[in-house]
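This report concerns only the one structure given below.
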Amino acid sequence: MPPRMTTLGEFIIEKQKDFKYSTGEFSRLINSIRLAAKTVNHEVNKAGLVDILGQTGTSNSSGEEQQKLDAYANDVFKTALTNREIICGLASEEEEDFVSIANKNGDNRNKYVVMIDPLDGSSNIDVNVSIGTIFSIYRRVTPEGTPAQLEDFLQKGTEQVAAGYILYGTSTILVYTTGHGVNGFTLNPALGTFYLSHPSIRIPEKGSIYSINEGNYAHFPQAIKNYIKYCQEIAQDRPYTSRYIGSLVSDIHRNMLKGGVYLYPSTHSHPSGKLRLLYECNPMAFITEQAGGKASTGTQRVLDVEPTELHQRVPFYCGHTAMVEKIESFF
Ligand code: P6P
C-alpha cells in the first residue's frame, strides 16, 4: 500500500487553526493561487511548442521587456484572485499601479491584498531554465467597504499573513508559510493535485553555497567584494560552492534545501539593488526566516524596511543565518 500523501487542500484544513484570521478566507486565497499555478504551469511547460515565447513589445513597471508569458501569468493570477472575491487589491510587477478590486456587487468588503511577481526570471523562459511565481498576502489597513489604497500595500514585511512561491522546474512545487513553518507541495500533473512533499522545511545547519552574479563584481560595494574573497579562501569550511541560476525562486529554493545564501547587492545599473521589496524580497524573507534563515539589506532586517513606493528595490542577502550574518559583518 503506497504511503498516504496529504494533498494541499487537506493540509489547509488540518492546519486551519494556524491562520489567525478566518480559515475559510485563507482557504479561498490559497485555492485561487493553486488554480492559477496549475494554469500557468500548463502554459510554461508547453511554451517551447507554441508561439507564446518572445517579447510582447511592451515593458513592465521596471522598464523590463515583458515576455508574453509574463503578461499571461499576470492575467491568470489576477483573474483567479478576483473571481474568488477574496481580495480588495492587487499589486504586481507587471502593473504600473496597484489594482483596486471590487466584488461583482461592487463592494470592497474583502479583507486581503496580494502582491505578486507572476513570473520571475522570465528572461530564462526561452532557454528552458526554471522560473517562478512569488506572492505575498496582507490584511488591508484601510476601512472595509472602501477601495484599496496605496497604504494597504506599503506595509512592512513583518505584517505579511502569508507568503509563498511556485517553482516551475523539473517538477512544479508550491512552497508557502502562514508564520507557522514552511511546507512544500509538489504537483502531480497527471492528477492536477499538489501533494505535501517537503513538510516543515528547515535550512541545513551547514551552509556552503553562495549565489551571486559575479559579472557585476566591479560595481559591488567593497563589503561584498571582501565577502566573495572570503567565500573563495581555503579554510576549514571553505571554499564554498558558487551556484547562480539567475532565477530568484530557483536559487532561493535550492539554497533553502541545501544550505546557502543568495546575494543581490547594489550595482552600477541598480544602485538600490535590483530586487523589488514588496513582491520579491519580503515574501522570500518571510519564508526564509520561517525556515530558520535570515534576510538582510546588509544593514537592516528586510522585513523591518518601511516601504515608500510600490516597486521599490533593496539590496538583498537571504539564506543561511550564519552566512548572512557574515555578510553583514563586512558592512
Ligand atoms: P541578473 C530575474 O530577472 C531576477 O529578477 C531574479 O529572478 C534573478 O535572481 C535576478 O533578476 C537575475 O539578475 O542581473 O543577475 O541577471
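FYI, side chains are in, hydrogens and waters are out, and symmetry mates aren't considered; it's all heavy atoms of this structure. Just so you know, ligand 1 is whichever comes first in the structure, and atom 1 is the first atom listed for that ligand.
Counting atoms of ligand 1 from 1 in the listed order, those under 4.0 Å from a heavy atom of Leu248 are 6 (C), 7 (O), 8 (C), 9 (O). Annotation for ligand 1: atoms under 4.0 Å from non-hydrogen atoms of Tyr244 are 1 (P), 9 (O), 10 (C), 12 (C), 13 (O), 15 (O). Close approach to Asn213 involves these atoms of ligand 1, each under 4.0 Å from a residue heavy atom: 1 (P), 14 (O), 15 (O).
Residues Val314 and Cys281 approach most closely at CG2-SG, 3.7 Å, considering heavy atoms.
Ranking the protein heavy atoms by distance from atom 8 (C) of ligand 1 puts Gly246 O, 3.5 Å first. With respect to atom 7 (O) of ligand 1, the closest heavy atom belonging to the protein is Asp120 OD2, 2.4 Å. Nearest protein neighbour of atom 9 (O) of ligand 1, counting heavy atoms only, is Tyr262 OH, 2.7 Å. The protein heavy-atom contact nearest to atom 16 (O) of ligand 1 is Lys274 NZ, 3.9 Å.
Note: Tyr210 and Tyr240 have tilted aromatic rings, judged against thresholds of 30 and 60 degrees for the angle between ring planes. Between Tyr317 and Phe331, the ring-plane angle classifies as tilted under the 30° and 60° cut-offs. Note: Tyr262 and Tyr244 have parallel aromatic rings, judged against thresholds of 30 and 60 degrees for the angle between ring planes.
Under the 3.5 Å distance criterion, the side-chain polar atoms of Asn188 are matched with a main-chain donor or acceptor of Ala190. The backbone N or O of Leu35 lies less than 3.5 Å from a partner atom in the side chain of Thr39, making a donor-acceptor pair.
In terms of N/O distances under 3.5 Å, ligand 1 is not approached by Asp251. No N or O atom of Asn216 sits closer than 3.5 Å to an N or O atom of ligand 1. For a threshold of 3.5 Å applied to N or O pairs, the pair formed by Tyr264 and ligand 1 contains at least one separation below that value.
Only the side chain of Leu275 comes within contact range of ligand 1, with a heavy atom under 4.0 Å; no backbone atom does.
Between the CG atom of Leu187 and the OG1 atom of Thr172 there is a distance of 5.5 Å, given to the nearest 0.5 Å.
When each of Tyr165, Phe194, Phe11 is checked for a ring pair (Phe, Tyr, Trp, His ring centres under 6.0 Å) with Phe185, only Phe11 meets the rule.
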